[in-house]
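Step one of this worksheet: look at the structure below.
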Amino acid sequence: QADAQKAAKSIKIQYQDLPAIITIQVPGLDQLHIGGQEHFYLETNVTVAVPRDQDEIEIFSSTQSPSQTQSCVARVLGVPSNRVHVRVKRIGGGFGGKEFRANILSNVVALAAHRRPVRCMLDRDEDMLMTGGRHPFYAKYKVGFSESGRVLALDVTYYSNAGNSTDLSTSVVSKAVVHMENSYLVPNIRGCGVACRTHLPSNTAFRGFGMPQAMLVCEDWISAIALKLGRTSEQIRELNLYTEGDLTPYNQVLEGVTLRRCWDECLDRAKIHERRAQIQDFNRQNRWTKKGLAVVPTKCGIAFKEVFLNQAGALVHIYTDGSVLLAHGGTEMGQGLHTKMIQVQTRCGRSATRHTSCHSVANSSATAASVSSDLYGAAVLNACNILNQRLQPYKDQDPQGNWKSWVKAAYFERVNLSTNGFYRTPGLDYDSKTNSGRMFHYFAYGVCCSVVEIDCLTGAHKTLSSTIVMDVGNSLNPAIDIGQVEGAFMQGIGLFTNEQLLYSPDGVLMTRGPGTYKIPGFGDIPTLLQVSLLRDAPNDNALYSSKAVGEPPLFLAASVFFALKDAIATARLEAGLSGPFQLDSPATAERIRMACADCFTKMCPPAEPGTYKPWAILV
Ligand SMILES: Nc1nc2c(c(=O)[nH]1)N[C@H]1C(S)=C(S)[C@@H](COP(=O)(O)O)O[C@H]1N2
Ligand SMILES: Cc1nc(=O)[nH]c2[nH]cnc12
Ligand code: MOS
């Protein structure tokens, strides 16, 4: 890409500055702004394109959607899709950032590779400038509740900053709206989602796909109710938790609700009553250092909202030496999909998996929505069952034989030893006209209790402990799943407490690398991080009773955000301030410091908007 960078520098562009729309923010009551997030995958977007004979082209791309890369390149080159061979060995992290945005690189590299192979990998700053990230959200809400703390009515409008193209923005904001109530029963509810087109680079999917933003707003009004009623926020949460058989706002009956089990087990493991007493004691003895605690649940609907995406293919060959080749349409991005697929295959034979290619499986959906193990696992199982049925007669004829002898016997009888497997998630029949039917295949649940300590004078904070109980059904691979919970949780800590994208008033991103954009470091890991997977919680809706684990745990980091709010609320009491207050996400040191209103913050009140030109703006 050195040539491309040299070429780009030599181009002189005449710009005419036109009015630009950058922000989605309008000040108002009961509102919350949630900043965007850079994927910061270790591997930036990269593509190698190799022209082959008969106007064919081979593309090696760091994409989560090989089929979409194939159809985009086909359109760009003006050839049918069957001329474009896209291959994905493994991705150095995707997190949703390579679901739709990888194409802005693979399209141009394919075009440049007209005569000879071309490779291009974006530098970190180029990737951060061009490929978008998590949607910034701005929300306005009204909530009604009884003296006892029961939520009675809720009205939320979510505005997302979509950037300059649709990309996945309408899908993100619609998945956000259907998570506006998180884990709580709200009898009267209205939600609206607006994807706002702006002149920023297009924002896109990012682990959680709008659900974390939506649920943070939910937990914000829950904590406001607690402050209003002078109760702990966990009392309000417990009072309103969904239970078995409840109806969601889209009239899906909740079955197999393990929320209460996760909640009780988390409170027990976190020894919350002792912790609460210790914190009260500590806070009484310290004016300028405060501790806070919060317990936050999450409920995530599992399925692509676009029904047609809930399909998956696999391809299995058995060779005459007995070795097996397994290909499926999912991409490995570090989440352990290939490992889990080999486990499925091994439960019915031996295997080796190949890298993903659109020549092995056609029309694959993006590896996204945390459903890939469910979908591709079922497709692999389907293929295995077909082949095992074909081999069964040879096993019966020669029970003393072995895998290789049965394969040979079948081969010499001209039995087809290849097959593809397929799976489509059943029963997704939600109809928005009647607001009835099943929108999600099942739900993933989890609860986390976090304890933090803040320095009221600097705004610095430390997460002392986080106790997570996650329902992953019967885990296919506990090591992978615990790793996913830990990784998602830390990415959530980044989102809610330290990753802040700063834009100039003209919409130019100023934070373009790890020097200015602070992703979680070792010091951000809770001093005590306990992750446990809920036992005896089989999920009869998915492969071997497992559950999706990729995205759902990310939101549990909101327990850190609300533990910070709890500590700040205590600090504000020292200054005679009680009741709800606004704390935008990420809870940076500046925001924590200024929220701890005291005699010092009074000395530097915020300047009147319009009386100065800010050096950075909220987008
Ligand atoms: N190590 C790692 N884990 C990850 C990701 C990743 O890029 N790297 N992507 C996350 C996202 S955004 C999703 S949707 C799921 C996708 O994989 P799955 O569908 O197999 O869970 O993995 C999650 N965990
Ligand atoms: C396209 C899409 N639809 C969803 O419902 N969830 C998702 N996560 C990542 N991509 C998607
Ligand atoms: O669904 Mo993940 O790729 S945002």
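When reading the values below, keep in mind they use all heavy atoms of this one structure, side chains included, and skip hydrogens, waters and symmetry mates. Just follow the structure's listing: the first ligand is 1, and inside any ligand the first atom is 1.
Looking from atom 7 (O) of ligand 1 to the surrounding protein, the closest heavy atom is Gly94 N, 2.7 Å. Remark: minimum distance from atom 19 (O) of ligand 1 to any protein heavy atom is reached at Ser372 OG, 2.6 Å. Here the protein heavy atom with the shortest distance to atom 11 (C) of ligand 1 is Arg207 CG, 4.2 Å. For atom 1 (C) of ligand 2, the closest non-hydrogen atom of the protein is Glu306 OE1, 3.5 Å. For atom 9 (N) of ligand 1, the closest non-hydrogen atom on the protein side is Met333 SD, 3.4 Å. When only non-hydrogen protein atoms are considered, atom 13 (C) of ligand 1 lies nearest to Glu551 CG, 4.1 Å. Residue, atom and distance of the protein heavy atom nearest to atom 9 (C) of ligand 2 are Glu99 OE1, 3.2 Å. If you check which protein heavy atom lies closest to atom 22 (O) of ligand 1, you get Gln335 CB, 3.6 Å. Distance from atom 2 (Mo) of ligand 3 to its nearest protein heavy atom, with residue and atom name: Glu551 OE2, 3.8 Å. Of the protein's non-hydrogen atoms, the one nearest atom 6 (N) of ligand 2 is Lys175 NZ, 3.1 Å.
Within the listing of ligand 2, atoms 1 (C) sit less than 4.0 angstrom from a heavy atom of Leu168. Below 4.0 Å from some heavy atom of Glu99 lie the following atoms of ligand 3, by number and element: 3 (O). Atoms of ligand 2 lying under 4.0 Å from any heavy atom of Leu309, numbered from 1 in the order shown and given with element: 1 (C). Within ligand 2, counting atoms from 1 as listed, the ones closer than 4.0 Å to a heavy atom of Phe304 are 1 (C), 2 (C), 3 (N), 4 (C), 5 (O), 11 (C). Within ligand 1, counting atoms from 1 as listed, the ones closer than 4.0 Å to a heavy atom of Gly93 are 7 (O). Residue-ligand proximity, Ala368 to ligand 2, at heavy-atom distances under 4.0 Å covers atoms 9 (C), 10 (N). Those atoms of ligand 1 that come under 4.0 Å of a heavy atom in Ala369, given as number and element, are 14 (S). Here is the list of ligand 1 atoms found below 4.0 Å of a heavy atom in Gly96: 12 (S). Shown in contact with Ala368 at under 4.0 Å from a heavy atom are these atoms of ligand 3, numbered in order with element: 1 (O), 3 (O).
Classified by interplanar angle (parallel below 30°, tilted 30° to 60°, perpendicular above 60°), the ring pair Tyr250/Phe443 is parallel. Note: Tyr517 and Phe40 have parallel aromatic rings, judged against thresholds of 30 and 60 degrees for the angle between ring planes. Note on ring orientation: taking the six-membered ring where Trp is involved, the planes of His328 and His338 are perpendicular (angle over 60°, cut-offs 30° and 60°).
Considering both main-chain and side-chain atoms, Phe206 never comes within under 3.5 Å of ligand 1 through any nitrogen or oxygen pair. For Phe95, a nitrogen or oxygen atom sits less than 3.5 Å from a nitrogen or oxygen atom of ligand 1, counting backbone and side chain alike. Between Arg207 and ligand 3, not a single N/O pair is under 3.5 Å apart. Note: an N/O pair closer than 3.5 Å links Lys305 and ligand 2 by distance alone. The shortest N/O to N/O separation between Gln484 and ligand 1 falls below 3.5 Å. Residue Ser370 places no N or O, backbone or side chain, under 3.5 Å from any N or O of ligand 3. Remark: ligand 3 and Ala369 share an N or O pair separated by less than 3.5 Å (distance only, no angle test).
Interatomic distance, Asp524 CG to Thr497 OG1, rounded to the nearest 0.5 Å: 6.0 Å. Note: Phe304 CZ to Leu428 CG = 11.5 Å, rounded to the nearest 0.5 Å. Separating the CD1 atom in Ile34 from the CE atom in Met215 is a distance of 10.5 Å, to the nearest 0.5 Å.
Ion pairing between a basic and an acidic side chain is recognised when a charged N comes within 4.0 Å of a carboxylate O; Asp481 and Lys340 show such pairing. For the pair Glu265 and Arg535, the salt-bridge criterion is not met [side-chain N within less than 4.0 Å of a carboxylate O].
At least one heavy atom of Ser370 sits closer than 4.0 Å to an atom of ligand 1. The shell of residues lying under 4.0 angstrom from ligand 2, judged by heavy atoms, includes Ser171.
Counting heavy atoms under 4.0 Å from ligand 2, residue Phe209 touches it through the side chain alone. For Ala369, heavy-atom contacts with ligand 2 shorter than 4.0 Å involve the backbone as well as the side chain. Only the backbone of Val371 comes within contact range of ligand 1, with a heavy atom under 4.0 Å; no side-chain atom does. The proximity of Ala488 to ligand 1, defined as any non-hydrogen pair under 4.0 Å, does not occur for either the backbone or the side chain.
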* To do: Please step through side-chain contact (heavy atoms from CB on, under 4.5 Å) for the pair Phe496 and Val560, ending with a clear verdict.
  => CA-CA 8 Å; Phe496 296 131; Val560 174; over 6 Å; no
* To do: Go through the steps to decide whether Thr131 and Tyr41 satisfy the test side-chain contact (heavy atoms from CB on, under 4.5 Å), and finish with yes or no.
  => CA-CA 12 Å; Thr131 63; Tyr41 20 64; 3.4 Å; yes
* To do: Let me see the working for Phe95 and Leu554 under side-chain contact (heavy atoms from CB on, under 4.5 Å), right down to the final yes or no.
  => CA-CA 11 Å; Phe95 307 112; Leu554 183 136; over 6 Å; no
* side-chain contact (heavy atoms from CB on, under 4.5 Å) assessment of Gln213 paired with Arg134 -> CA-CA 9 Å; Gln213 297 95 314; Arg134 187 186 292 280; 3.1 Å; yes
* Could you check Thr47 against Ser106 for side-chain hydrogen bond (donor to acceptor under 3.5 Å, both in side chains), going step by step and ending with a plain yes or no? => CA-CA 6 Å; Thr47 296; Ser106 45; 4.6 Å; no
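With respect to Ser532, the side-chain contact (heavy atoms from CB on, under 4.5 Å) criterion is satisfied by exactly one of Val469, Thr467, Ile482: Val469.
For the 3.5 Å distance criterion, the side chains of Thr63 and Thr69 qualify, holding a donor opposite an acceptor. Side-chain polar atoms of Asp471 and Thr258 form a donor-acceptor pair below 3.5 angstrom. Looking at Ser364 and Ser67, their side chains do bring a donor and an acceptor atom within 3.5 Å of each other. Looking only at atom types and distance, the side chain of Thr204 has no donor-acceptor partner in the side chain of Glu99 under 3.5 Å away. Neither side chain, Gln530 nor Arg269, offers a donor N or O lying under 3.5 Å from an acceptor on the other.
Scanning Ala368, Gly334, Gly550, Ala366 for the heavy atom closest to atom 2 (C) of ligand 1 points to Gly334.
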